[in-house]
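Please read the structure below before turning to the comments.
Just so it is clear, the structure is predicted and the values come from calculations on it, not from any experiment. Start at 1 with the first residue, then count along the sequence.
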Amino acid sequence: MPPEPPPAALRLVVDSEAIAANWRALDRLSGEASAGAAVKADAYGTGVAKALPALVAVGARDFFVAHWSEVAAVLKHTAPASVSVLHGPLTRSDADYAIATGVKPVINSLQQARLWQDAGGGLCDLMIDTGINRLGLPMGELGHEAITALDVDILMSHLASADEDVPQNAQQLALWQDARGQVAQRRASLANSAGICLGPQYHGDLTRPGLSLYGGIPRPELEDQIVQVARPQAAIMQVREIGEGEAVGYNATFRAEGPMRIGAVAIGYADGYLRCWSGLGSASDKGLHLPVLGRVSMDMTILDLTAAPALKEGDWVEIDYPLPSASAKSGLSQYELLTLLGTRFAR
């Protein structure tokens with residue numbers, strides 16, 4: 001067997017205390033409801049192994065993943081009954097796996113309801129579609145015998161436009177409240193991170209924050225409540241001096257107007273630092289601003305190090321990545337910015 005590889009030249013610093021602080025803020029804003037936690041997509045790219053212990057320690061008790069393949073990592077840190085799988089059982093093997101592990105499937109259709117019952121059934125959650133037209137049971141099927149036979153823990157729906165003040169929010173709220181009166185359930189849940197800010201009528205018994213746990217700010221009401229969690233950092237691989245007129249990167253999209261000191265750092269679009277950051281992004285070191293020059297490559301990005309003459313090969317810089325401002329600058333959603341960050345980051 002080969003020896004363990006040396007440390008990566010790319011790391012994502014994940015502040016678990018910030019995750020805990022964000023959950024406490026969202027739980028407080030949830031009022032009489034308790035806050036759960038969406039931990040799908042490897043805790044939105046921050047790493048389940050880092051995020052889950054912090055969330056459990058601070059009091060979170062309900063966790064949501066999308067795929068069955070995400071269950072095992074979460075079960076290392078919490079009890080099976082606290083885990084819900086949003087995509088539900090697509091096959092009998094999915095249902096058997098849920099029963100064997102003790103996690104809850106989220107039932108999204110009559111077919112899934114029948115599949116779950118045929119496998120032996122048990123406690124589950126139920127997703128109602130109230131207008132997003134994604135996953136979820138249509139309102140007209142709430143009274144079907146396959147649904148009334150379910151043992152439902154959480155009756156949930158998902159808001160489509162909670163980050164905006166639009167009539168759709170109230171329309172979905174009314175349908176969700178109607179569904180609560182038609183389906184027997186232990187608890188009801190509607191609000192995501194943004195939905196928590198819409199008011200207590202949206203909270204039900206349980207809120208399901210995701211993005212804001214990890215530093216995302218989908219509504220202005222959260223600006224003073226949520227702190228940054230993830231900070232990408234990259235090592236400087238090479239430093240060089242260039243002169244006036246010299247080009248940098250693919251297709252020579254940047255040319256120096258005078259002597260410059262530049263550095264290649266170990267982050268690129270294969271790591272989720274996409275080409276949209278070309279000539280737009282920046283890094284920092286001890287408060288010094290280091291702009292991205294030219295096009296972002298697959299595995300590296302060139303920075304202007306002229307303002308930081310002390311930086312050398314092997315030193316680290318922090319990529320400027322606060323989610324709200326990075327989203328506004330890049331055109332990527334805050335969700336994309338987090339979940340795009342690849343596996344080459346040491347977390």
Side-chain angles (χ1 to χ4, degrees), residues 26-27 30-40 59-66 71 74 78-89 94-95 98-99 101-160 162 169-193 195-196 198-210:
L26 293 160
D27 187 56
S30 297
E32 295 183 4
S34 58
V39 295
K40 58 187 180 177
R61 294 294 179 266
D62 295 275
F63 302 99
F64 301 88
V65 298
V71 167
V74 176
T78 189
S82 68
V83 181
S84 300
V85 183
L86 293 164
H87 286 182
D94 292 344
I99 291 171
T101 58
V103 302
K104 293 181 299 177
V106 177
I107 303 301
N108 294 285
S109 67
L110 293 180
Q111 180 180 349
Q112 289 190 358
R114 295 187 186 104
L115 183 63
W116 180 237
Q117 296 286 43
D118 289 345
L123 194 65
C124 63
D125 298 333
L126 179 64
M127 177 70 75
I128 306 299
D129 177 53
T130 56
I132 196 170
N133 280 309
R134 212 170 56 169
L135 286 181
L137 190 77
M139 291 289 295
E141 295 177 350
L142 289 176
H144 193 282
E145 61 182 10
I147 302 304
T148 58
L150 294 173
D151 184 6
V152 178
D153 181 11
I154 305 170
L155 175 71
M156 65 180 77
S157 191
H158 193 71
L159 293 166
N169 294 327
Q171 294 163 5
Q172 288 193 264
L173 173 64
L175 290 173
W176 172 69
Q177 290 174 332
D178 183 17
R180 293 178 70 179
Q182 295 189 53
V183 177
Q185 87 271 179
R186 291 167 172 78
R187 298 179 289 171
S189 176
L190 177 63
N192 54 8
S193 295
I196 290 171
L198 296 178
Q201 66 271 35
Y202 288 83
H203 296 168
D205 304 298
L206 175 72
T207 61
R208 308 192 311 275

Output, in order, the C-alpha distance, side-chain angles, deciding distance and verdict of side-chain contact (heavy atoms from CB on, under 4.5 Å) for Leu86 and Met156. CA-CA 10 Å; Leu86 293 164; Met156 65 180 77; 4.1 Å; yes
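- Under a 4.0 Å N-O distance rule, the pair Arg134/Asp129 does not qualify as a salt bridge.
- Not a single donor-acceptor pair under 3.5 Å links the side chain of Ser84 to the backbone N or O of Val106.
- Pro105 places none of its side-chain heavy atoms less than 4.5 Å from the side chain of Val85.
- Side-chain contact between Trp116 and Ile99: present, with at least one pair of heavy atoms (C-beta onward) separated by less than 4.5 Å.
- For the pair Trp176/Ile128, no side-chain contact is recorded, criterion being any heavy-atom separation below 4.5 Å from C-beta on.
- Two residues are said to be in side-chain contact when any heavy atoms from C-beta on lie closer than 4.5 Å; Leu137 and Ile107 fail this criterion.
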How far apart are the C-alpha atoms of Val39 and Val65, what are their side-chain angles, what is the distance that settles it, and do they pass the side-chain contact (heavy atoms from CB on, under 4.5 Å) test? CA-CA 6 Å; Val39 295; Val65 298; 3.8 Å; yes
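- With hydrogens and angles ignored, the 3.5 Å screen pairs no side-chain donor or acceptor of Asn108 with any backbone N or O of Met127.
- Taking each heavy atom of Leu126 and Ile147 in turn, the nearest pair found is CD2-CG2, 3.8 Å.
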Criterion side-chain contact (heavy atoms from CB on, under 4.5 Å) on Ile154 and Gln185, from CA distance to verdict: CA-CA 6 Å; Ile154 305 170; Gln185 87 271 179; over 6 Å; no
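- A donor-acceptor distance shorter than 3.5 angstrom exists from the side chain of Gln172 to the backbone of His158, with no hydrogens or angles considered.
- No salt bridge links Asp62 with Arg208; every basic N to acidic carboxylate O contact stays at or beyond 4.0 Å.
- Thr207 has its side chain out of reach of Leu26: every pair of non-hydrogen atoms, C-beta onward, lies at least 4.5 Å apart.
- In this structure, Ser34 contributes its side chain and Leu206 its backbone to no donor-acceptor pair below 3.5 Å.
- Listed for the Asp205 side chain is a donor-acceptor partner under 3.5 Å among the backbone atoms of Ala188.
- Side-chain contact check for Ser30 versus Ile196: some heavy-atom pair is nearer than 4.5 Å.
- Side chain of Gln117 to backbone of Ala149: a donor-acceptor contact under 3.5 angstrom is found.
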Begin from the C-alpha positions of His144 and Arg114 and carry the test side-chain contact (heavy atoms from CB on, under 4.5 Å) through to its verdict. CA-CA 11 Å; His144 193 282; Arg114 295 187 186 104; 3.6 Å; yes
